[in-house]
Amino acid sequence: MTPMLSKLKIKGNISFIYILFGVILTYFSSYLPDLMGVIGIEGTRISSIVAFGSLNGMLYGPFWGAIISGTGMLLHEINNTGYLSKNIFSMLSPFFIMLSSVISGLIVNRQHKAALGIFGSLIVVWYLFDVGRSAFFYPWFHIVVFVAFIIFQKNSIKSIHSRTFVFVSLFFAALIGVLSDHLMGSIAYSYIFDLSTEAFRSAVLLYPLERTILALSATFVAFFFFSTIKDIILSSEGIEDDVSRMRSRNMDDYLYNDVIPIIEKKDNDR
């Protein structure tokens, strides 16, 4: 086996183990205690796994994060047939978690337009329903976070390398992720069970606190993970050589693509 093939095999094994670890962790997290009755609607519960939906998106990206979240939830449902057959909303819940992973993953990957496009579309969809227009005040926190994130990303470029910027960025990624899950779930819940405006009125001041707690949980874990990985990379052997090679390659590209054409243009003008 050539050294190149050996490296590819090792990398593939590490990726598989990394993904498998995410699926197992998500599966077992589905057994964590749920938040009962927090959203103000009697008999409802908010699964703590929602936080892992955003966390998977931040750690694994929008695609693999969604796959891991969906797989972990699916394994949970297969192992709990009563939960699977309870109602349609319960069967749809894994897709809400997967959406949370997609949104959070897109934001961490700096695909902000795509993430905000999906998030904004959910807000618009809410108002397409009669109950949405009646409870027009319900997604107020979603709108505030939507606007706040746009302002944040436009006015924080200078501090992009600070730890504070990283933490706040991860918090927005997690918060928009869990709020996407929340709004998609609210739309589906109101459509399936035909909830009244009063049901949402009772939750309008409660769900922001609940979602913020879930988002902060995912943010602290992701921040610790990224900080640890950064320290490992910076302290690894050969990192200085890698940086030097990168700088050298960038300098070569700059000379070839920018400087030389300018010199040749001046020679031709003469």
Side-chain angles (χ1 to χ4, degrees), residues 35 38-41 44 46-47 49-51 53-58 62 65-66 69-70 88-89 92-156 168-216 218-219:
L35 303 176
V38 177
I39 63 171
I41 302 175
T44 60
I46 301 300
S47 176
I49 198 176
V50 173
S54 288
L55 181 62
N56 287 336
M58 291 189 286
S69 295
I88 298 176
F89 181 79
L92 291 175
S93 294
F95 295 100
F96 307 151
I97 304 294
M98 292 175 70
L99 177 64
S100 176
S101 299
V102 170
I103 298 296
S104 297
L106 287 173
I107 293 177
V108 168
N109 286 350
R110 301 193 63 77
Q111 296 174 287
H112 297 161
K113 290 184 178 180
L116 291 178
I118 298 173
F119 188 51
S121 298
L122 291 175
I123 297 175
V124 172
V125 170
W126 171 258
Y127 289 109
L128 295 179
F129 291 89
D130 292 335
V131 68
R133 290 188 293 271
S134 299
F136 63 90
F137 45 80
Y138 182 67
W140 70 271
F141 190 59
H142 303 74
I143 297 172
V144 168
V145 172
F146 183 93
V147 175
F149 180 65
I150 293 176
I151 296 173
F152 169 76
Q153 66 170 332
K154 286 185 177 180
N155 295 279
S156 58
V168 176
S169 296
L170 291 174
F171 175 67
F172 268 116
L175 185 59
I176 294 176
V178 298
L179 284 176
S180 298
D181 166 89
H182 173 261
L183 192 53
M184 189 65 201
S186 297
I187 292 171
Y189 206 92
S190 64
Y191 179 78
I192 295 171
F193 299 104
D194 193 24
L195 293 182
S196 65
T197 302
E198 287 301 319
F200 293 101
R201 189 189 302 276
S202 63
V204 71
L205 296 178
L206 294 173
Y207 79 79
L209 176 61
E210 167 255 322
R211 293 288 155 171
T212 300
I213 292 173
L214 290 173
L216 280 173
T219 302

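Side chains included, hydrogens not; waters and symmetry mates left out as well; all remaining heavy atoms used.
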Answer whether the closest heavy-atom distance between the side chains of [X] and [Y] falls below 4.5 Å.
{"X": "Ile118", "Y": "Leu99", "answer": "yes"}
{"X": "Phe136", "Y": "Val131", "answer": "no"}
{"X": "Ser180", "Y": "Leu122", "answer": "yes"}

**OP:** Identify the heavy atoms of Val50 and Arg211 that sit nearest to each other, and give their distance.
**Re:**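 Taking Val50 first and Arg211 second, the nearest heavy atoms are CG1-NH1, 3.4 Å.
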
Once you round to the nearest 0.5 Å, how far does [atom1] of [X] lie from [atom2] of [Y]?
{"X": "Asp130", "Y": "Thr197", "atom1": "CG", "atom2": "OG1", "result": "9.0 Å"}
{"X": "Phe137", "Y": "Ile143", "atom1": "CZ", "atom2": "CD1", "result": "12.0 Å"}
{"X": "Ile176", "Y": "Ile103", "atom1": "CD1", "atom2": "CD1", "result": "8.0 Å"}
{"X": "His112", "Y": "Phe119", "atom1": "NE2", "atom2": "CZ", "result": "14.0 Å"}
{"X": "Gln153", "Y": "Phe149", "atom1": "CD", "atom2": "CZ", "result": "4.5 Å"}
{"X": "Leu175", "Y": "Ile213", "atom1": "CG", "atom2": "CD1", "result": "12.0 Å"}

Is it the case that the side chain of [X] and the backbone of [Y] share a donor-acceptor pair, with hydrogens and angles ignored and the cut-off at 3.5 Å?
{"X": "Trp140", "Y": "Val204", "value": "yes"}
{"X": "Ser190", "Y": "Ile187", "value": "yes"}
{"X": "Tyr207", "Y": "Tyr138", "value": "yes"}
{"X": "Arg201", "Y": "Ala135", "value": "no"}

Original post:
Is it true that the side chains of Ser54 and Ser100 contain a donor and an acceptor less than 3.5 Å apart?
Top reply: yes

Subject >> Check: Ser69/Asn56 side-chain N/O donor and acceptor closer than 3.5 Å >> reply: yes

Original post:
Any chance OH of Tyr127 has more than 12 other-residue heavy atoms, nucleotides or ligands included, within less than 6.0 Å?
Top reply: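 Yes.
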
Original post:
Would Phe172 and Phe152 count as a close aromatic pair, with their ring centres under 6.0 Å?
Top reply: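 Close enough - the centres of the two rings lie under 6.0 Å apart.
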
